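Down below is the structure, laid out as structure tokens.
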Amino acid sequence: MIKSFLKGVVIGIANIVPGVSGGTMMVSMGIYDKLIHCITHLFSEFKKSVLFLLPIAVGMVAAIAGSSFGLTYLFANFPIQTNLLFIGLILGGLPAIWKKVKGKGIKAGHAAACVLFFVLVVAMAVMGETEGQAADLSFGLVNALKLVGVGIVTSATMVIPGVSGSMVLMLMGFYYPVLNAVKNFFTALAAFDMDGILTGCGILIPFGIGVVAGIFGIAKLVEIIFEKFPLYAYWAIIGLIVSSPIAIVLMGTFPPLTVMGALTGVAALAVGIVIAMKLGD
């Protein structure tokens with residue numbers, strides 16, 4: 001239970017950080033296939049699915065709430081170490097994926113899938129520099145429907161390994177507004193500020209409805225792909241995993257490198273790799 005909660009924390013944080021894929025973290029920790037299965041069989045295997053999904057979901061919510069306060073500080077003060085930690089978390093899952101394809105031969109289609117998804121993630125990271133921060137989140141029917149749509153697109157990309165949902169939010173101009181809405185909601189909740197709570201609900205409820213709809217919508221498609229074309233899917237994931245560190249570097253802002261920064265950065269990278277490998281056991 002605790003281990004599943006911690007996995008949820010890692011996934012939640014990954015979904016907040018631009019360039020980092022929550023889906024990749026699921027793969028790195030060895031729970032992706034089972035998580036997709038539990039989502040698509042939630043009602044037919046209700047008890048089993050809930051017992052598996054609940055601690056992960058709680059960990060994700062806790063991480064997203066905490067990250068809305070802490071990540072800004074970490075990236076502002078320790079950008080090299082924080083980014084390398086996430087790169088380590090991603091690369092730590094690569095050996096587990098490699099075992100899925102090792103010794104099974106490489107077809108031209110496998111290589112094409114790997115290269116295609118590698119290019120996709122890098123291209124998205126390059127385009128991510130065009131972030132707009134002024135999306136209108138004022139209460140209204142049109143904005144509520146817009147938030148449902150944004151939630152659907154964002155959650156669908158969160159489920160796909162290697163594609164950063166937060167990066168997609170940035171491309172649509174909703175990343176900072178939604179992140180600030182999460183932060184303001186929990187601040188209002190802690191202070192029992194009803195006006196702030198209602199304002200937050202007006203933003204987060206339609207967005208949350210879209211997120212849930214998107215996850216269920218894409219999960220079945222992903223399950224079919226893994227059943228019908230498993231090797232193509234795993235080679236695509238390898239391309240996504242290898243490209244994710246490049247995306248993180250492209251999306252990040254780094255100060256001049258110092259000896260101490262390099263040493264602590266390498267340490268953070270190693271810690272990330274170890275955590276991913278341990279959680280993937």
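A quick note: this is a predicted structure, and the numbers were derived from the prediction, not measured. FYI, the numbering just counts along the sequence from 1.
- The environment of CD1 in I2 is sparse: at most 12 heavy-atom neighbours from other residues, nucleotides or ligands sit within 6.0 Å.
- Residue V142 shares its hydrophobic cluster (ILVMFWY side chains chained together at separations under 4.5 Å) with no other residue.
- With sequence neighbours excluded, the residues that form a side-chain hydrogen bond (donor to acceptor under 3.5 Å, both in side chains) with Y234 are D33.
- Other members of the cluster containing I205 are I209, with ILVMFWY side chains joined at under 4.5 Å, either directly or via other members.
- Cluster membership for V266 and L263, using ILVMFWY side-chain heavy atoms within less than 4.5 angstrom, is not shared.
- Both V249 and L269 are members of a single hydrophobic cluster when ILVMFWY side chains are connected at heavy-atom separations under 4.5 Å.
- Residues meeting the side-chain hydrogen bond (donor to acceptor under 3.5 Å, both in side chains) test with T264, sequence neighbours left out: Q81.
- Distance check, rounded to the nearest 0.5 Å: CD1 of I11 to CG of L6 gives 11.0 Å.
- Note that CG of L84 and CZ of F254 are 7.0 Å apart. Values are rounded to the nearest 0.5 Å.
- With values rounded to the nearest 0.5 angstrom, L51 atom CG is found 6.5 Å from K47 atom NZ.
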- Chi angles and distances behind the side-chain contact (heavy atoms from CB on, under 4.5 Å) call for I203, L147: CA-CA 7 Å; I203 297 170; L147 282 166; 4.1 Å; yes

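- The shortest non-hydrogen separation linking I36 to A219 is CG2-O, 3.4 Å.
- For I225, the side-chain contact (heavy atoms from CB on, under 4.5 Å) partners two or more places apart in sequence, or in a different chain, are L221, A233.
- Shortest non-hydrogen contact noted between A213 and I152 is CB-CG1, 4.2 Å.
- In plain terms, the two heavy atoms of P79 and P255 that are nearest each other are CG-CD, 3.4 Å.
- L204 and L198 end up in different hydrophobic clusters when Ile, Leu, Val, Met, Phe, Trp and Tyr side chains are linked at under 4.5 Å.
- For S4, the side-chain hydrogen bond (donor to acceptor under 3.5 Å, both in side chains) criterion is met by no residue, not counting sequence neighbours.
- A parallel orientation is assigned to the rings of H41 and H37, their planes being inclined by less than 30° (bins at 30° and 60°).
- Atom OG1 of T40 is separated from atom CD1 of I218 by 12.5 Å, given to the nearest 0.5 angstrom.
- Taking CZ of F117 as the reference point, atom CD1 of I238 lies at 13.0 Å (rounded to 0.5 Å).
- For the residue pair V50 and P55, the shortest heavy atom distance occurs at O-CD, 4.3 Å.
- F185 pairs by the ring pair (Phe, Tyr, Trp, His ring centres under 6.0 Å) definition with nothing, not counting sequence neighbours.
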Extract all donor-acceptor atom pairs below 3.5 Å that involve side chains of residues 86-106 and protein atoms in other chains or at least two apart in sequence.
residue	atom	partner	partner atom	Å
K104	NZ	K100	O	3.2

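- Partners of K220 by salt bridge (Lys or Arg N to Asp or Glu O under 4.0 Å), not counting sequence neighbours, listed by chain and number: E223.
- Not a single ring pair (Phe, Tyr, Trp, His ring centres under 6.0 Å) links F52 to another residue, sequence neighbours left out.
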- List the steps and the verdict of side-chain contact (heavy atoms from CB on, under 4.5 Å) for L53 and L42. CA-CA 9 Å; L53 293 172; L42 178 62; 4.2 Å; yes

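- Residues meeting the side-chain contact (heavy atoms from CB on, under 4.5 Å) test with P256, sequence neighbours left out: none.
- By the side-chain contact (heavy atoms from CB on, under 4.5 Å) test, T199 pairs with no residue at all, sequence neighbours left out.
- Under a hydrophobic-cluster definition in which Ile, Leu, Val, Met, Phe, Trp and Tyr are linked whenever side-chain heavy atoms come within less than 4.5 Å, directly or via other members, I237 and I224 are assigned to different clusters.
- Residues F229 and F118 do not share a hydrophobic cluster, defined by chaining ILVMFWY side chains whose heavy atoms lie under 4.5 Å apart.
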